[in-house]
There are 2 protein chains.
Amino acid sequence: MSVPNTDVRSLVAAALPTPVPADEYDGCPVTGLLRLLSDKWSMLVLVLLGRQPYRFNELHRAIGGISQRMLTRTLRGLESAGLVLREVHPTVPPSVEYRLTPLGRSLLGPLSGLADWAVRHEPELAAARRPVTAATSSGPR
Amino acid sequence: MSVPNTDVRSLVAAALPTPVPADEYDGCPVTGLLRLLSDKWSMLVLVLLGRQPYRFNELHRAIGGISQRMLTRTLRGLESAGLVLREVHPTVPPSVEYRLTPLGRSLLGPLSGLADWAVRHEPELAAARRPVTAATSSGPR
DNA sequence: CGGTATCCATTTCGATACTG
DNA sequence: CAGTATCGAAATGGATACCG
């Protein structure tokens, strides 16, 4: 991401009633987490795997509209972050199971905090949704 | 986003001890929120504005490395979502202040939940960071 | 079954120049 | 000061074909 001058971690620490220690940090972990989750499928996969383990094609079917390539990439990303465990059973045909690691499961809580907020504030969000006036060149987000 | 078959909202509802009502929903609000925040700058801007109001160029300086264009776009996005208020003072030279709306401020809590998690689990995250083996074509995320 | 390789479309981001 | 316009680069995502 080429971390910006301003560090998210020190910011949230200062912005909150119960600031975090923040004694030492090199690459802001908050930024890292956001980078990891800020794609089209990661959070969806996490939540699905939070319900039960899945095999590759099960997951592929459960999520409608994802390509094999993106599912693989997403799983690899989550795996390399230590949130998802990939278990290969050397049978024929091969069978691969994906499940959350304990670390991954522990993320479900905070994730749901955000989700809850979105659901609770849906009316206000819907009410606020006006075009504002004009966008800054190139189409809407 | 062209919402996938699987709806994040019903999923988090089912995955949690305290499920949300989820009586009726068209465009999943959770997905909408994620779409809004899943860019390079939005969360950073939110957290900064959570500390104090900023004028445009103040903000520009506070965030190192953002272009004027992206700052404008980011602010417009948050504004049209009802999270940020844009106040124009018709002075000369012009002065524009940005601050969080109450709705925006209410988002700081859940946001910090995620940030706290990242900070608290930083050791585990760092420990888990291994290349896994190989990526699925095209460069690393 | 569970991928990988290739190619292509879209989106996002940033640098630069210019304006009321 | 606070933007807008334009352009190009890069990241991201998807379709298709193929493989152990």
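Heavy atoms only: backbone and side chains are in, while hydrogens, waters and symmetry mates are out. Note that the structure is predicted; figures quoted are calculated from it, not measured. Throughout, a chain's letter reflects where its sequence line sits, starting with A, and its residues are numbered from 1.
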Worked verdict on B:Leu114 versus A:Val30 for side chain to side chain contact (heavy atoms under 4.5 Å, CB included): CA-CA 8 Å; B:Leu114 215 62; A:Val30 178; over 6 Å; no
Main-chain N/O of B:His89 paired to B:Ser95 side chain as donor or acceptor, under 3.5 Å: no
Of the candidate nucleotides [options], which contains the atom at the shortest distance from the side chain of [X]?
X	options	result
B:Lys40	D:dA15, C:dG3, C:dC13	C:dC13
B:Met70	C:dC1, C:dC13, D:dG13	C:dC13
A:Arg69	C:dC7, C:dG3, D:dG20	C:dC7
B:Gln68	D:dG20, C:dG20, D:dT4	D:dT4
B:Phe56	C:dG14, D:dA17, D:dA2	D:dA2
B:Ser67	C:dG14, D:dG3, C:dT12	C:dG14
B:Pro93	C:dG3, D:dC1, D:dG13	D:dC1
B:Thr72	D:dG3, C:dA15, C:dT12	D:dG3

Sole residue of A:Val45, A:Leu108, A:Leu85 in side chain to side chain contact (heavy atoms under 4.5 Å, CB included) with A:Leu100: A:Leu108
Spacing of [X] atom [atom1] relative to [N] atom [atom2], expressed in whole Å:
X	N	atom1	atom2	result
A:Leu71	D:dT16	CG	P	18 Å
A:Ile63	D:dG13	CD1	P	13 Å
B:Tyr54	D:dG3	OH	P	17 Å

Distance below 4.0 Å between A:Arg73 side-chain N/O and D:dG14 OP1 or OP2: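 Answer is no, no contact under 4.0 Å.
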Side-chain N or O of B:Tyr98 closer than 4.0 Å to phosphate OP1/OP2 of D:dG3: yes
Heavy-atom side-chain contact between B:Leu49 and B:Leu59 under 4.5 Å: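 Heavy-atom side-chain distance check passes, below 4.5 Å.
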Along DNA chain D (nearest heavy atom to each residue), the more 5'-positioned of A:Ile66 and B:Glu97: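 Closer to the 5' end of DNA chain D: B:Glu97.
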